[in-house]
Every structure is written in C-alpha cells, then in structure tokens.
Amino acid sequence: QVQLVESGGGLVQAGGSLRLSCAASGRTISTYAMGWFRQAPGKEREFVGASTRSVGSTYYADSVKGRFTIYRDNAKNTVYLQTNNLKPDDTAVYYCAAGTRGGRTPRDYDYWGQGTQVTVSS
C-alpha cells in the first residue's frame with residue numbers, strides 16, 4: 001500500500017505557474033502508474049494527466065496539453081505536476097493517485113492523496 005500527500009497549491013494570477021508535488025511513502029512510485037485529477041466545486045472529478053508505470057511516458061487531457069507537465073523523481077519518491085499559463089478555469093482541488101493500471105478515469109486508481117487547492121484569479 002502507498003500513501004500520497006500533495007502540496008504546492010495556492011493562489012496565483014492568470015498566466016502564472018505552480019508546481020504541485022505528490023510525495024509517496026510505503027512503496028516506491030516506480031511500481032505504480034501515477035495520475036493527476038482535479039475537482040472544481042459542483043463538478044465531477046476530472047482527469048488532468050498521468051504517467052505510466054513502466055516507462056513513465058505521459059499523457060494529458062486536451063484542456064491542459066501544452067501547459068501542464070508530469071514528471072517523476074524516483075530518488076525522492078515524488079511525482080510533480082508543473083502547471084504553466086494557468087487560467088481561472090484551472091481552479092480546483094488537485095489530487096494525485098496511484099494505481100497498477102493507470103488510465104483516464106478515477107476508477108483506474110487505487111490510492112489517493114488528500115488534495116491541494118489551486119485558485120487562479122483573473
């Protein structure tokens with residue numbers, strides 16, 4: 001079992017950047033596909049991007065492609081979500097997740113962090 005803790009959220013102006021971190025403990029992240037999701041008030045949790053388990057390749061939702069980047073630091077057992085050119089529509093609680101399969105839906109993941117709030121002002 002793996003435990004996940006997100007950090008790095010905050011308030012930023014449109015066009016700004018944040019780096020979100022997801023620190024894992026209990027097991028190494030190299031054994032998991034790692035995903036990032038977000039949930040805005042009154043909306044369903046939506047896929048942001050993910051890194052595959054084996055080769056660590058990444059894929060993203062169309063809404064963030066070209067602006068967000070996922071990368072792993074295996075030495076720190078941490079996954080990052082670099083967010084650039086943020087927009088007010090990016091405002092949400094951001095969650096990281098770990099799973100053996102990975103994918104674009106929440107049910108593809110078994111373990112979740114508590115989330116970190118990102119607020120983008122216009």
Side-chain angles (χ1 to χ4, degrees):
Q1 190 168 350
V2 63
Q3 293 79 42
L4 305 172
V5 178
E6 302 96 332
S7 61
L11 174 63
V12 63
Q13 290 187 331
S17 300
L18 286 172
R19 188 182 74 164
L20 308 184
S21 300
C22 174
S25 60
R27 292 193 69 178
T28 177
I29 59 172
S30 62
T31 62
Y32 293 101
M34 300 298 296
W36 284 93
F37 290 77
R38 66 187 181 186
Q39 189 166 18
K43 295 187 177 181
E44 293 186 352
R45 192 165 297 189
E46 67 169 352
F47 174 74
V48 173
S51 171
T52 61
R53 180 176 62 174
S54 55
V55 297
S57 59
T58 56
Y59 51 101
Y60 302 92
D62 287 344
S63 59
V64 306
K65 198 174 297 183
R67 299 189 297 123
F68 290 10
T69 303
I70 294 171
Y71 59 100
R72 299 178 180 232
D73 185 333
N74 288 333
K76 294 183 178 180
N77 213 30
T78 299
V79 178
Y80 300 95
L81 178 67
Q82 177 67 44
T83 67
N84 296 327
N85 191 22
L86 283 161
K87 305 175 182 179
D89 284 348
D90 294 319
T91 296
V93 177
Y94 283 69
Y95 299 90
C96 72
T100 55
R101 296 186 302 165
R104 293 177 178 262
T105 67
R107 65 178 179 269
D108 293 324
Y109 298 86
D110 304 304
Y111 305 101
W112 292 83
Q114 84 290 348
T116 185
Q117 176 71 47
V118 171
T119 303
V120 184
S121 63
S122 58

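Just so it is clear, the values below take in all heavy atoms, side chains as well, and ignore hydrogens, waters and symmetry mates.
- Aromatic ring pairs are classed by plane angle as parallel below 30°, tilted from 30° to 60° and perpendicular above 60°; the pair Trp112 and Tyr95 is perpendicular.
- For Phe47 and Tyr109, the ring centers sit 6.0 Å or farther from each other.
- Within the 4.5 Å cutoff, no side-chain heavy atoms of Thr91 are placed close to those of Arg38.
- Clustering ILVMFWY residues whenever any of their side-chain heavy atoms sit less than 4.5 angstrom apart, transitively, puts Val12 in the very cluster that holds Val64.
- Counting heavy atoms from C-beta on, the side chains of Leu86 and Leu18 come closer than 4.5 Å.
- The line from CD of Gln13 to OG of Ser122 is 9.5 Å long, rounded to the nearest 0.5 Å.
- Distance alone, capped at 3.5 Å, is enough to place a donor-acceptor pair between the Asn77 side chain and the Arg27 backbone.
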key: Chi angles and distances behind the side-chain contact (heavy atoms from CB on, under 4.5 Å) call for Leu20, Val118   = CA-CA 9 Å; Leu20 308 184; Val118 171; 4.0 Å; yes
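- With hydrogens and angles disregarded, a donor-acceptor distance shorter than 3.5 Å links the side chain of Tyr59 to the backbone of Gly103.
- In this structure, Tyr60 and Arg67 have side chains that are not in contact, with every pair of non-hydrogen atoms separated by 4.5 Å or more.
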ask   = Stepwise, does the salt bridge (charged side-chain N to carboxylate O under 4.0 Å, His left out) test hold for Lys65 with Asp62?
value = CA-CA 5 Å; Lys65 198 174 297 183; Asp62 287 344; 3.2 Å; yes
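- Looking at heavy atoms from C-beta onward, Ile29 lies in side-chain contact with Val79 at the 4.5 angstrom threshold.
- The CE atom of Met34 lies 12.0 Å from the OG1 atom of Thr52; values are rounded to the nearest 0.5 Å.
- For the pair Trp36 and Phe68, the minimum side-chain heavy-atom distance is 4.5 Å or more.
- Remark: Gln114 CD to Gln3 CD distance equals 12.0 Å, nearest 0.5 Å.
- Atoms SG and CG, on Cys22 and Asp73 in that order, are 12.5 Å from each other to the nearest 0.5 Å.
- Minimum heavy-atom separation, Ala40 to Ala92: N-CB, 3.8 Å.
- The neighbour count for Arg53 CZ, taken as heavy atoms of other residues, nucleotides or ligands under 6.0 Å away, does not exceed 12.
- From Thr78, atom OG1 reaches atom CG of Leu4 across 10.0 Å, with rounding to the nearest 0.5 Å.
- The backbone N or O of Arg19 sits nowhere less than 3.5 Å from a side-chain atom of Gln82 that would complete a donor-acceptor pair.
- Residues Val48 and Leu81 form a side-chain contact, since some pair of their non-hydrogen atoms from C-beta on lies under 4.5 Å apart.
- Residues Thr116 and Ser7 fail the side-chain proximity criterion, which asks for heavy atoms closer than 4.5 Å.
- Here Asp110 contributes atom CG and Gln1 contributes atom CD; the two are 10.0 Å apart, rounded to the nearest 0.5 Å.
- Between Ile70 and Ser51, the closest heavy-atom pair is CG2-CB, 4.0 Å.
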